[in-house]
Amino acid sequence: MRGVGIILILFISFSCDTENSFPVPEENYFVKFYGEEGDQEGVDFIVNTDGSVVMVGNTERSGVKKQIYVVKVDANGQVLWQLRMGLPDKDDFAKDVELHPDGRIVIAGETDMGPGNRDVYVKTITQEGFPLDSARAGLKLNTGSDSDEDVKSISFIEPADGYPAGFIVSGSTTSPNGNRDGLHIRFTDSPILRFGDPWKEITGNGNTEDVIVKIFQIVGYAPIGDQDRYYSFGYTNANGGNNSNDFRYWIVPLGKDGEPSNNGTELLDVVGSQLEDDILTSVIESPLQSGSGFILSGIATLTTGESRSFIVKLAKPLSINSPNLDILTQTYPTNLGIDVGGLLTVQSLVNEQFLMLSNDNQLPSQDSKLQSSNLALTKLKRDLTKEWSVPLIFGGEGDDFAGSVAELSDGRILISGTMTIGGGNDRGQKKMVLIKLNPEGKLTE
């Protein structure tokens, strides 16, 4: 067993199919599970101004297609409502949730329409859990066959350049050569309708693996050129050519119609290292008090298989043509283990610092021959170096997976994710989990 002794004993004593919590004052901290029959995983969450939380994830039950699972809880983690979404004869997956400026809940994910054919899925619901609108969108290759879309995030877009307000879904899609191209499908809002021409939906050359993780609209800054309307952040192996594993963070400005202004190659030579694969997983805007810019976080894997967190801070706005001026910070705050997978995300704090939630692969203990994945919480200073780290927030015999992290108004920390309880990965059940910690990342005062 891995070391969180008494916590683990409490976990195992719980029933796998009911919501449970530690018998402690809920206004201080808690660990709670959500879900019913089968497996549930936590992907992302939003926090409302009243302290309530809306979590999204996925659920899988025997004999039923995979569905998107949504739960709203109050500030103490008590369920207010929960629902499942998706087509009855298709598998659906949640990838991101955002809080609309008007209070609506916006969910982005995928619907598996068939082998090698996932479509983008966008859904809006009210704060009471009532469905409002939805849309599915799939692309086609120039051969006429369906392509495969992989969603990473959804961004709210203000009206500009003759376009109304709406959303841009970021991710990737299959290229004619069998690789991946960056994806940015735009939708109108109320009703949710997919844009057609002249909006461009793909960025990439078809010969490399290109993925867009997040898109930001540039508001309040005078564009450097007519092409400088949106920034797309992702990763690519364009430097190494076809089938190369030399992935780097990839930044491409988009014009008013979604057309790329360049191939994003200027920053490839100055961000990261040729001795590692850099996979971007999260992007946020740095608050003004921490110095305006963009925080790019992800996982750098060396040729030895050792992984570590890799964080880059870029200027805002970007100059692009002078890449050395765009890079404000590059740092590797923590090691993550061997062949680590999953999410690494960073969120800003009120006190000009940052929180980093990641998966850490733990080496086998004396009574376990299997390597396993746990959650780790790290607090970063303003310069993105490590202040402290909690290597094991909770643990069990199975893998635990990071979802999202946020700071509450009182300084406490909320974390969502997935925990395997009741046994190892082959015996236990996966449950959506929500954790409230004190400002030091602990389950105590």
Side-chain angles (χ1 to χ4, degrees), residues 93 95-96 108-110 112 115-120 138-143 145-154 168-185 200-215 230-254 258-283 296-305 307-310 312 314 323 336 339-345 359:
F93 307 91
K95 291 297 189 70
D96 189 22
E110 304 151 3
D112 192 344
N117 178 23
R118 290 171 294 174
D119 284 353
V120 172
L139 277 63
K140 288 186 178 294
L141 300 173
N142 53 16
T143 59
S145 60
D146 294 315
S147 60
D148 181 61
E149 284 71 59
D150 178 20
V151 171
K152 295 298 184 183
S153 68
I154 188 167
I168 296 180
V169 172
S170 305
S172 66
T173 184
T174 45
S175 70
N177 294 337
N179 297 301
R180 307 292 298 183
D181 282 333
L183 179 73
H184 36 87
I185 296 182
K200 306 299 188 298
E201 298 179 325
I202 295 176
T203 295
N205 62 21
N207 296 316
T208 56
E209 295 289 319
D210 306 319
V211 178
I212 295 176
V213 174
K214 186 72 174 180
I215 285 181
Y230 306 90
Y231 292 155
S232 63
F233 298 92
Y235 56 94
T236 180
N237 63 352
N239 256 13
N242 192 27
N243 298 322
S244 169
N245 289 325
D246 182 19
F247 283 94
R248 304 284 191 91
Y249 289 3
W250 185 45
I251 301 94
V252 182
L254 303 177
E259 70 278 10
S261 61
N262 60 16
N263 293 323
T265 56
E266 289 87 349
L267 284 163
L268 291 179
D269 292 328
V270 293
V271 174
S273 168
Q274 294 181 352
L275 302 178
E276 63 195 25
D277 282 340
D278 302 323
I279 303 298
L280 183 69
T281 62
S282 173
V283 186
L296 285 63
S297 57
I299 299 171
T301 302
L302 301 171
T303 55
T304 59
S307 298
R308 52 186 179 170
S309 58
F310 177 43
V312 178
L314 299 177
L336 303 175
D339 294 326
V340 70
L343 180 73
L344 184 149
T345 183
N359 287 348

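Small disclaimer: the values here were computed from a predicted structure and weren't measured.
Rounding to the nearest 0.5 angstrom, the gap separating the CG atom in L280 from the CD1 atom in I212 is 11.0 Å. The OG atom of S297 sits 8.0 Å away from atom CG of L343, with the distance rounded to the nearest 0.5 Å. Atom CZ of F233 is separated from atom OG of S282 by 11.5 Å, given to the nearest 0.5 angstrom. Atoms OG and CD1, from S232 and I251 in turn, are 8.5 Å apart once rounded to the nearest 0.5 Å. To the nearest 0.5 Å, the span separating CZ on F310 from CG on L296 amounts to 9.0 Å. The CD1 atom of I154 sits 11.0 Å away from atom CD1 of I215, with the distance rounded to the nearest 0.5 Å.
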Criterion side-chain contact (heavy atoms from CB on, under 4.5 Å) on N359 and I299, from CA distance to verdict: CA-CA 10 Å; N359 287 348; I299 299 171; over 6 Å; no

Worked verdict on R248 versus V271 for side-chain contact (heavy atoms from CB on, under 4.5 Å): CA-CA 7 Å; R248 304 284 191 91; V271 174; over 6 Å; no

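Of the possible polar contacts, one joining the N179 side chain to the G206 backbone as a donor-acceptor pair under 3.5 Å is found. At distances below 3.5 Å, at least one donor-acceptor pair connects side-chain atoms of K95 with backbone N or O atoms of V151. H184 places a side-chain N or O within donor-acceptor distance of the main-chain N or O of K200, the cut-off being under 3.5 Å. Listed for the K152 side chain is no donor-acceptor partner under 3.5 Å among the backbone atoms of V169. Panel note: side chain N205, backbone N207; a donor-acceptor pair is recorded below 3.5 Å.
Residue V213 comes nearest to S153 through the heavy atom pair O-OG, 2.6 Å, listed as atom of the first residue, atom of the second, then distance. Heavy-atom minimum distance, R308 versus L302: NH2-CD2, 4.0 Å. When all heavy atoms of G272 and D278 are compared, the closest pair comes out as CA-OD2, 3.3 Å. Residues E209 and R180 come closest through the heavy atom pair OE1-CG, 2.8 Å. Of all non-hydrogen atoms in S147 and L141, the two that sit nearest each other are CB-CD2, 4.0 Å. F247 and Y235 get closest at one heavy-atom pair: CD2-CD1, 3.8 Å.
When only modelled atom types and interatomic distance are considered, D210 and T236 share a side-chain donor-acceptor pair under 3.5 Å.
Residues passing the salt bridge (charged side-chain N to carboxylate O under 4.0 Å, His left out) test with D119, sequence neighbours excluded: none. Under the rule for a side-chain hydrogen bond (donor to acceptor under 3.5 Å, both in side chains), the partners of T301 that lie at least two apart in sequence or sit in another chain are S307.
Only one option out of D146, N117, T173 pairs with K140 in a side chain to side chain donor-acceptor pair (under 3.5 Å); it is D146.
Within the 4.5 Å cutoff, no side-chain heavy atoms of I279 are placed close to those of V211. Contact of the W250 side chain with the T203 side chain is registered, since non-hydrogen atoms from C-beta on lie closer than 4.5 Å.
Between D112 and R118 there is no salt bridge, since none of the side-chain N atoms of the basic residue sits less than 4.0 Å from a carboxylate O of the acidic one.
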